[in-house]
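Beneath this line is the structure, given in structure tokens, with notes to follow.
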Amino acid sequence: MTPYPAPDLADRIGTRLAHPETAPVGPRGKDWWRQSLAHGMPGIALLHIELAAAGRGPWQRAHDWLAAATRAPVTSGDDSHPYYGAPAIAHALACAADRNPGCYQRALEALDRQIAADARRRIAAAHRRIDSGRLPALAEFDALQGLTGYGAYLLRRDPGSDVLRAVLDYLVRLTDPVVLQGETLPGWWTPSGPSGRPDDRFPGGHANSSLAHGITGVLSLLSLAARRGAPVGGLPDAIRTICAWLDHWRTETEDRPTWPYWVTRSELRADCLAPSGPLRPSWCYGTAGLARAQQLAALALGDTERRAAAEKALVSAFTDPAQLAATTDVSLCHGFAGLAHVAARAADDALPATVGRLRALIPALLAVVNPPGSDAEQVITELMHAADRGPGLLDGAAGVALAVLTADAAIPPELAWDSCLLTS
């Protein structure tokens with residue numbers, strides 16, 4: 001695909017992260033780091049699983065990281081969520097079991113029972129909240145902490161399960177409008193700020209558009225489930241409802257479509273977005289995640305026009321100097337590695353008119369991660385210590401390495417590690 005030596009960077013990062021005892025740890029303590037998919041051991045285990053599966057590293061490294069992550073009791077219940085505790089570690093173990101059938105089954109079965117029970121409790125609480133007429137917290141439904149993240153795991157592990165269907169039924173219901181004090185709001189309107197906490201800058205709350213924290217993650221999960229034939233009533237209509245909302249708030253500047261990170265109450269009442277400068281087109285917040293989700297929705301609905309529009313938005317975002325200038329790091333979550341990863345995943349599903357353009361952009365995106373002629377070891381050292389939460393999946397070196405592997409044409413595209421990102 002490209003002369004850029006991308007996989008070599010992943011190999012070198014894997015070598016730097018070979019042993020749990022010698023890897024740098026984030027500032028929140030070893031037990032938190034042990035169970036954090038976003039920043040800690042489970043995400044680093046994913047890297048070694050994929051390196052081993054591609055014949056680029058030993059399985060022992062993956063096993064060592066998984067063993068370290070499960071050395072002490074795993075957090076479950078209200079203190080866990082898709083990126084921390086039982087679901088986080090289960091995701092890594094499931095990826096290892098897929099690559100090495102027969103391994104980790106007893107641990108996975110126990111974790112799956114716990115995850116299903118936790119998901120059912122969350123679903124019941126969410127329905128009670130809807131019945132009472134209250135608005136949701138982001139953590140009720142989002143991809144990182146909420147039921148969308150649980151659904152992503154269940155869709156991969158047990159797509160025919162009753163608990164997955166219950167998650168999808170709830171998310172369909174989440175798209176029903178809510179009338180609050182005479183004002184109609186989307187069902188996913190949250191009373192908080194984007195942090196999930198009360199925020200004076202967001203009087204009346206907001207509607208979050210992001211893939212990681214907002215309604216776009218719901219759109220991705222519903223679309224992936226619909227593509228796999230999930231028998232859930234109202235699923236296509238829910239997908240269309242979310243797409244219609246995103247269509248309404250899309251803006252076109254010089255024929256470049258973009259979406260806001262969120263819509264505030266004052267913007268909703270004015271039916272007009274406040275002026276803003278260029279926004280980074282990242283996986284978590286931005287055009288990359290938003291457009292990939294709409295591409296998945298288009299595939300689920302058989303909507304060729306929407307599919308072409310989503311792919312156009314991706315190409316324009318990845319070639320827009322203003323949006324790229326707003327992207328100031330190389331991480332998977334909100335940097336250039338994430339852009340390359342989304343470009344690769346979108347290219348796998350792209351229309352013939354777009355696939356070549358998307359693939360041609362990947363080397364330039366990866367070249368920002370490791371500029372040609374730079375000292376690779378120095379680049380990796382900076383990656384290891386640039387993020388303040390450790391060298392893990394979302395902000396650190398492990399995520400960069402995984403994105404590099406996925407973007408390389410020599411690696412088979414059927415990787416399951418990024419199901420937690422809802423990009424596939």
Side-chain angles (χ1 to χ4, degrees), residues 143 148 151-152 155-156 159 168 171-172 174-175 186 188 207-212 214-252 255-260 281-320 323 338-362 406 413-414 418-419 421-424:
T148 295
L155 182 63
R156 180 163 160 260
L168 297 174
L171 292 174
V172 168
L174 185 73
T175 65
W188 58 90
N208 195 294
S209 303
S210 78
L211 195 156
I215 195 59
T216 296
V218 177
L219 177 63
S220 284
L221 177 61
L222 294 180
S223 301
L224 290 165
R227 290 186 72 189
R228 299 181 193 183
V232 174
L235 196 56
D237 288 341
I239 292 170
R240 292 187 183 97
T241 295
I242 301 171
C243 286
W245 171 268
L246 296 175
D247 289 349
H248 183 80
W249 293 103
R250 184 184 64 232
T251 60
E252 295 269 351
D255 202 33
R256 294 183 184 276
T258 59
W259 291 265
S282 53
W283 164 78
C284 56
Y285 277 96
T287 300
L290 278 151
R292 172 56 173 162
Q294 291 181 71
Q295 184 194 36
L296 292 171
L299 289 163
L301 298 174
D303 186 340
T304 303
E305 182 178 351
R306 180 174 298 280
R307 186 175 168 195
E311 293 166 13
K312 172 191 171 185
L314 286 169
V315 171
S316 69
F318 298 155
T319 55
D320 180 5
Q323 292 185 66
L339 301 187
H341 175 73
V342 172
R345 283 305 196 202
D348 290 340
D349 293 319
L351 292 162
T354 320
V355 59
R357 298 182 69 190
L358 283 169
R359 293 205 184 281
L361 292 171
I362 293 171
T406 307
E414 297 85 10
D418 63 337
S419 62
L421 301 178
L422 290 163
T423 52
S424 68

Could you measure the distance from the [atom1] atom of [X] to the [atom2] atom of [Y]? Nearest 0.5 Å is fine.
X: Leu339; Y: Gln323; atom1: CG; atom2: CD; value: 9.5 Å
X: Leu361; Y: Phe318; atom1: CG; atom2: CZ; value: 7.5 Å
X: Arg250; Y: Glu252; atom1: CZ; atom2: CD; value: 5.5 Å
X: Tyr285; Y: Thr216; atom1: OH; atom2: OG1; value: 10.5 Å
X: Leu222; Y: Thr175; atom1: CG; atom2: OG1; value: 7.5 Å
X: Thr148; Y: Leu171; atom1: OG1; atom2: CG; value: 4.5 Å

Please find the pair of heavy atoms, one from [X] and one from [Y], that lie closest to each other, and give the distance.
X: Leu211; Y: Gly289; result: CD1-O, 3.5 Å
X: Pro281; Y: Ala317; result: CB-CB, 3.9 Å
X: Arg359; Y: Ala344; result: NH1-O, 4.3 Å
X: Ala152; Y: Leu221; result: N-CD1, 3.8 Å
X: Arg292; Y: Ala346; result: NH1-CA, 3.8 Å
X: Ser419; Y: Arg156; result: OG-CD, 3.3 Å

Sequence neighbours excluded and cut-off under 3.5 Å, please list the side-chain donor-acceptor pairs for residues 224-244, or say none.
unit_1, atom_1, unit_2, atom_2, d
Asp237, OD1, Arg240, NH1, 3.4
Thr241, OG1, Asp237, O, 3.0

task: Please report the C-alpha distance between Arg307 and Glu311 in whole Å, then the side-chain angles of each, then the deciding distance to 0.1 Å, and finally whether the salt bridge (charged side-chain N to carboxylate O under 4.0 Å, His left out) criterion is met.
output: CA-CA 6 Å; Arg307 186 175 168 195; Glu311 293 166 13; 3.6 Å; yes

Without swapping roles, check the side chain of [X] against the backbone of [Y] for a donor-acceptor pair under 3.5 Å.
X: Trp259; Y: Leu246; answer: yes
X: Asp303; Y: Arg306; answer: yes
X: Ser209; Y: Pro260; answer: yes

Practice problem: Check step by step if side chain to side chain contact (heavy atoms under 4.5 Å, CB included) holds for Asn208 and Ile215. | Solution: CA-CA 6 Å; Asn208 195 294; Ile215 195 59; over 6 Å; no

Which of Val342, Thr319, Thr354 passes side chain to side chain contact (heavy atoms under 4.5 Å, CB included) with Leu314? It is Val342

| Quick one: do the Thr258 and Thr251 side chains pair a donor with an acceptor below 3.5 Å? | yes

Please lay out, stage by stage, how Leu421 and Trp283 fare under the test side chain to side chain contact (heavy atoms under 4.5 Å, CB included). CA-CA 9 Å; Leu421 301 178; Trp283 164 78; 3.6 Å; yes

Residues passing the side chain to side chain donor-acceptor pair (under 3.5 Å) test with Thr304, sequence neighbours excluded, are none

